[in-house]
K.L.:
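Below you'll find the structure I mean.
We name chains A, B, ... by the order of the sequence lines, and we start the count at 1 in each one.
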Amino acid sequence: MSNATAITPTRDKDFPEWYQQVVRAADMAENSEVRGCMVIKPWGYGLWENIQRQLDAKFKATGHVNAYFPLLIPLSYLEKEAQHAEGFATECAVVTHHRLEAQKQPDGTIKMIPTGELAEPFVIRPTSETIIGAAFARWVESYRDLPLLINQWCNVMRWEMRPRLFLRTAEFLWQEGHTAHETAEEAIEETRTMHKVYEDFLRDHLAIPVIPGEKTERERFPGAVQTFTVEAMVQDKKAIQAGTSHYLGQNFAKAANIQFLGRDNTRQLAHTTSWGVSTRLIGTLIMAHGDDDGVIIPPRVAPNQIVILPVTPKPETRQEVIDACEALAQTLRAQSFGGEPLRVHVDKRDLQGGTKNWEWIKKGVPMRLEMGPRDITSRSVAVCRRDLGPKAKEFVPKEEFIQSVQERLGEIQDALLARAKALRDANMKKLETLEEFKAYFAENSEGGFALMNWAGSSEDEDALSKDLKVTIRCIPHGDQFAEEGKCFLTGKPSSRRVIFARSY
RNA sequence: CGGGGCGUAGCUCAGCCUGGUAGAGCGCUUGCUUUGGGAGCAAGAAGUCGUCAGUUCGAAUCUGGCCGCCCCGACCA
């Protein structure tokens, strides 16, 4: 093959199409016969399992426990919180029947006809605030029952108009944390804690730098009092919301009647929160780190961190090479990275070396090792780092490699974070006027994160969104965004810059 | 839900305008050659041309209904 890159088109040529091709080339997922629903293949699911396990440990460390709630939500539950109901109304799958009747057709085939209409339809959960709220109402009687700190790993369904693998599918996997607290302060504290957990996880595990901040009213979760978000920038300079945590006030407690007898012997409504990340993280990771040869997975979450490719030019030495590779794999598996045993795979398939090599490049394995007869003799391995070019290869004495493997994986992890951070910082710009703003987000311009002093209304936001397809991604936390100035649209005084960007 | 396009082998598509029941590339299988490398040559397997109906001696090709998918908008973790 003479292709300069493994993926066509390249990122520059057509980013959305590149994304689709990368997912396919990495064999992570495919569209299924069910509209909007994907099949997550082992390589993609393995990544999800690692994300899941590592995040779960962080949830446990912050005092949460896992539980599981029904997939189906009584329609009436959704009617209890008006804003929430409206927010999800247009994307709900509804279950109306509970049995089928087989009808024989004249041509001998069978048609299944739904019968047994339900008195009250169920909605397939788009999120579980309402049904978990109902459980909380039963579980909470006294302030002594609080806080309630629950997480659930599950699938949810939102009937999206335009699905895209990992980024927006009708069914997706996620975790949703739901907590109930005695006071507003404590609930807000919980919301901020989880917001921080997401920020840390994205940075330290996925090597994605994010900007933590708060959503404006317009972008807020339906029914929430405050929504916090971590916003990432991907390589086409668009923003993607990578995780959210919501302070729900007493809105859902009121709707579900989560009441407790307080320390002062009066009945009070609980303050609740919810927070979640989804398989969208995988899409974010791909768009943040991928290159024109495919995905690049940060070592901490890679299904395999190291793949060993036996080089077997002659049949008579094949077994010897494979044995040596297996032995090396065993040695490496005894080592750890990020607190977990190294995940090492020996690719013994009887395929051409180049084919296997490119396959793992496209899948984004952080490190590839090649070992052949000559390397056995010289007691060395050929080391290829995925974050460097496909041809970059370093011959390292085997013992030295074993000794330095942690450090080497750490370097890749760090390099990916540094690269993503450099991209984001280079595409974040303070602008002052509406003219500059319009030019920044003009049809053919690159765009990015525009940092703007802002004091506009939701209606102003709406207008900008319709006009330029740009929204306020967040009101960022942190001193570097605090700045006295005038709103670029309304001229009103503003003490903080917000982030505008096009988004996924 | 509006506006446009498309449904032909596992994948990407040609053929349709000018009706005569199927083709290419990639992938797959086998063999030979090659190989520190996504190689070459040869042979082979694989499609009731989305679906239902109409026109016709005859339909992938013309006409209509239905279903599905893709792109552009509104919605979105």
Side-chain angles (χ1 to χ4, degrees), chain A residues 1-8 14 16-17 20-21 24-25 30-36 86-92 105 107 125-128 154-164 166-176 198 215 218-219 221-222 227 229-232 239-246 274-284 293-294 309-315 317-318 321 347 349-362 368-378 380-382 384 390-391 393 395 462 465-466 469 471 503-504:
Chain A
M1 277 243 197
S2 57
N3 282 350
T5 61
I7 306 297
T8 338
D14 184 350
E17 181 59 23
Q20 310 256 58
Q21 294 304 326
R24 193 221 288 247
E30 62 187 23
N31 280 312
S32 74
E33 45 284 269
V34 182
R35 199 206 103 91
E86 272 178 45
F88 286 103
T90 56
E91 47 190 84
C92 285
Q105 302 295 296
D107 65 0
R125 61 180 165 219
T127 178
S128 303
C154 68
N155 57 344
V156 290
M157 178 157 268
R158 298 181 187 177
W159 209 263
E160 298 295 349
M161 286 292 103
R162 212 179 315 153
R164 257 176 101 196
F166 291 120
L167 295 173
R168 190 174 45 227
T169 46
E171 181 189 15
F172 57 94
L173 305 182
W174 77 345
Q175 61 64 217
E176 46 179 330
Y198 290 150
K215 286 290 187 190
R218 185 177 176 278
E219 299 276 321
F221 177 77
T227 288
T229 176
V230 287
E231 294 286 324
I240 184 161
Q241 179 176 319
T244 49
S245 52
H246 316 289
S274 69
W275 29 275
V277 296
S278 71
T279 34
R280 175 181 260 198
L281 285 179
I282 295 176
T284 306
D293 290 320
L309 298 158
V311 179
T312 54
K314 297 191 189 86
T317 55
R318 183 181 158 81
V321 169
D347 188 351
R349 291 173 303 164
D350 183 22
L351 290 174
Q352 274 203 284
T355 306
K356 288 200 281 191
N357 195 34
W358 278 102
E359 205 176 280
W360 292 113
I361 289 173
K362 288 184 276 191
R368 307 183 306 282
L369 303 181
E370 296 175 3
M371 195 149 76
R374 292 211 295 267
D375 306 303
I376 293 176
T377 312
S378 65
S380 67
V381 285
C384 306
K391 297 274 186 283
K393 195 189 282 192
F395 289 88
D462 248 351
S465 155
K466 292 226 159 63
K469 295 177 196 158
T471 51
S503 78
Y504 277 94

K.L.:
Could you check whether A:Glu359 pairs with A:Arg349 (Lys NZ or Arg NE/NH1/NH2 to Asp/Glu carboxylate O, under 4.0 Å)?
P.N.:
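Judged by the 4.0 Å cut-off on N to carboxylate O distance, A:Glu359 and A:Arg349 do form a salt bridge.
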K.L.:
In whole Å, measure the gap between the C1' atoms of B:A43 and B:G50 for me.
P.N.:
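Those two atoms are separated by 33 Å.
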K.L.:
Compare the minimum distances between each of B:A77, B:G36, B:C71 and the side chain of A:Gln20, then state the nucleotide with the smallest one.
P.N.:
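So the side chain of A:Gln20 is nearest to B:C71.
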K.L.:
Please report the distance, rounded to the nearest Å, between CG in A:Leu167 and P in B:C75.
P.N.:
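In whole Å, B:C75 P and A:Leu167 CG are 18 Å from each other.
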K.L.:
Could you check how far CG of A:Asp350 sits from P of B:G31, rounded to whole Å?
P.N.:
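Spelled out: CG on A:Asp350 to P on B:G31 is 11 Å.
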K.L.:
If you measure from CG on A:Asp347 to CZ on A:Arg368, what distance do you get to the nearest 0.5 Å?
P.N.:
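If we round to the nearest 0.5 Å, A:Asp347:CG and A:Arg368:CZ are 12.0 Å apart.
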K.L.:
For A:Ser274, is there any backbone N or O sitting under 3.5 Å from a side-chain donor or acceptor partner on A:Glu176?
P.N.:
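Not a single qualifying donor-acceptor pair exists.
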K.L.:
Can you check whether any acceptor in the base of B:C76 is under 3.5 Å from a donor in the side chain of A:Arg158, or vice versa?
P.N.:
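By the distance-only test, no, there is no pair.
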K.L.:
Under 3.5 Å for both donor-acceptor distances, Watson-Crick or wobble: does B:A77 have a partner, and if so which one?
P.N.:
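Looking at the geometry, B:A77 pairs with no nucleotide.
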K.L.:
Need the pair for B:A53. Rule: Watson-Crick or G-U wobble, both distances under 3.5 Å, any strand; none if unpaired.
P.N.:
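The base-pairing partner of B:A53, which may sit in any strand shown, is B:U63.
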K.L.:
Reckon A:Glu359 touches a base, only the sugar-phosphate, or nothing at all at heavy-atom distances under 4.0 Å?
P.N.:
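Here A:Glu359 touches no strand at all.
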K.L.:
At 4.0 Å (heavy atoms only), tell me whether A:Thr355 reaches a base, stays on the sugar-phosphate, or touches nothing.
P.N.:
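It contacts sugar-phosphate atoms only.
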K.L.:
Name the closest nucleotide to the A:Val311 side chain, picking from B:C76, B:G37, B:G38.
P.N.:
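Nearest to the side chain of A:Val311 among the choices is B:G37.
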K.L.:
Could you pull out the closest heavy-atom pair between A:Val311 and A:Pro373, with the gap in Å?
P.N.:
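A:Val311 and A:Pro373 have their closest heavy atoms at O-CD, 3.4 Å.
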K.L.:
Sort out the partner of B:C41 for me: Watson-Crick or G-U wobble, both distances under 3.5 Å, none otherwise.
P.N.:
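Pairing partner, where one exists within any strand: B:G31.
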K.L.:
Determine the Euclidean distance between corresponding P atoms of B:U8 and B:C52; express it in Å to zero decimal places.
P.N.:
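Looking at atom P only, B:C52 and B:U8 are 15 Å apart.
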K.L.:
In terms of side-chain heavy atoms of A:Lys393, which of B:G38, B:G37, B:C75 is nearest?
P.N.:
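When the side chain of A:Lys393 is considered, B:G37 is the closest of B:G38, B:G37, B:C75.
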K.L.:
Provide the distance between the two C1' atoms, one in B:A9 and one in B:G27, to the nearest whole Å.
P.N.:
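Roughly 11 Å separates the two C1' atoms.
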K.L.:
From NZ of A:Lys314 over to P of B:U34, roughly how many Å is that when rounded to an integer?
P.N.:
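Distance, rounded to whole Å: 13 Å.
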K.L.:
If you check every side-chain atom of A:Pro373, which of B:G37, B:G36, B:A77 has the closest atom?
P.N.:
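Ranking B:G37, B:G36, B:A77 by closest atom to the A:Pro373 side chain puts B:G36 first.
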K.L.:
In whole angstrom, give me the gap between the C1' atoms of B:A39 and B:G58.
P.N.:
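Taking atom C1' in both B:A39 and B:G58, they lie 48 Å apart.
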K.L.:
Pick the closest RNA chain B nucleotide for A:Ala382 and for A:Lys466 by heavy atoms, then say which residue is nearer the 5' end.
P.N.:
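Closest to the 5' end, via its nearest nucleotide, is A:Ala382.
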K.L.:
Does B:C26 have a Watson-Crick or wobble partner in any strand here, with both distances under 3.5 angstrom, and which is it?
P.N.:
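B:G10 - that is the nucleotide pairing with B:C26, both distances being under 3.5 Å.
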K.L.:
Once you apply the 3.5 Å cut-off to both distances, tell me the Watson-Crick or G-U wobble partner of B:U48, or none.
P.N.:
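Its partner is none (no Watson-Crick or G-U wobble pair with both distances under 3.5 Å).
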K.L.:
Expressed in whole Å, how much space separates the P atoms belonging to B:G7 and B:C32?
P.N.:
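Here B:G7 and B:C32 have their P atoms 42 Å from each other.
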K.L.:
Between B:A77, B:G38, B:C75, which one does the side chain of A:Thr169 approach most closely?
P.N.:
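Of B:A77, B:G38, B:C75, B:A77 is nearest to the side chain of A:Thr169.
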K.L.:
Identify the nucleotide, in any strand shown, that forms a Watson-Crick or G-U wobble pair with B:G58, with both distances under 3.5 Å; if there is none, say none.
P.N.:
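With both distances under 3.5 Å required, B:G58 matches none.
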K.L.:
I need the single residue from A:Arg280, A:Lys215, A:Glu219 that forms a side chain to side chain donor-acceptor pair (under 3.5 Å) with A:Gln241. Which is it?
P.N.:
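Looking at A:Arg280, A:Lys215, A:Glu219, the match for A:Gln241 under the side chain to side chain donor-acceptor pair (under 3.5 Å) is A:Lys215.
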K.L.:
Is the closest basic N to carboxylate O distance between A:Arg158 and A:Glu171 below 4.0 Å?
P.N.:
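So A:Arg158 does not pair with A:Glu171 through a salt bridge.
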K.L.:
Does A:Val34 or A:Glu219 map to a spot on RNA chain B nearer the 5' end, using the closest nucleotide for each?
P.N.:
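In this pair, the answer is A:Val34.
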K.L.:
Looking at B:G36, which nucleotide sits across from it as a Watson-Crick or G-U wobble partner, both distances under 3.5 angstrom, or is there none?
P.N.:
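None - no nucleotide pairs with B:G36, as no candidate has both distances under 3.5 Å.
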K.L.:
Are OP1 or OP2 of B:G73 and a side-chain N or O of A:Lys469 less than 4.0 angstrom apart?
P.N.:
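Looking at the OP1 and OP2 atoms of B:G73, one of them is under 4.0 Å from a side-chain N or O of A:Lys469.
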K.L.:
Mind checking the P distance from B:U51 to B:C11? Whole angstroms is fine.
P.N.:
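Comparing P positions in B:U51 and B:C11 gives a spacing of 15 Å.
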K.L.:
Hey, is A:Arg218 close enough to A:Asp462 for a salt bridge, meaning N to O under 4.0 Å?
P.N.:
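Looking at A:Asp462 together with A:Arg218, the answer is yes, because their closest N to O distance falls below 4.0 Å.
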K.L.:
In whole Å, measure the gap between the P atoms of B:C26 and B:A22 for me.
P.N.:
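It comes out at 23 Å once rounded to the nearest Å.
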K.L.:
Using distance alone, with no hydrogens and no angle criterion, decide if A:Thr227 and A:His246 have a side-chain donor and acceptor under 3.5 Å apart.
P.N.:
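Yes.
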K.L.:
Are the ring of A:Trp174 and the base ring of B:A77 both nearer than 5.5 Å at their centres and tilted by less than 30°?
P.N.:
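A:Trp174 vs B:A77: stacking no.
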K.L.:
Roughly how many Å apart are B:G47 and B:A24, using the C1' atom of each and rounding to a whole number?
P.N.:
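Here B:A24 and B:G47 have their C1' atoms 14 Å from each other.
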K.L.:
For B:G2, which nucleotide in any strand shown is its Watson-Crick or wobble partner with both distances under 3.5 Å?
P.N.:
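Result: B:C72.
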K.L.:
Need one value for A:Arg24: base, sugar-phosphate or nothing, where a base atom within 4.0 Å counts as base even if backbone is also close, heavy atoms only.
P.N.:
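Sugar-phosphate: the residue A:Arg24, judged by heavy atoms under 4.0 Å, touches backbone atoms but no base.
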K.L.:
Please work out if A:Gln241 contacts a base, only the sugar-phosphate, or nothing of the nucleic acid, heavy-atom cut-off 4.0 Å.
P.N.:
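Since only primed, P, OP1 and OP2 atoms lie under 4.0 Å of A:Gln241, the category is sugar-phosphate.
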K.L.:
What nucleotide, of B:G36, B:C75, B:A77, holds the atom closest to the side chain of A:Asp375?
P.N.:
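So the nucleotide nearest the side chain must be B:G36.
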K.L.:
In this structure, how many angstroms lie between the P atom of B:A39 and the NZ atom of A:Lys356, rounded?
P.N.:
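The distance from NZ of A:Lys356 to P of B:A39 comes to 14 Å, rounded to the nearest Å.
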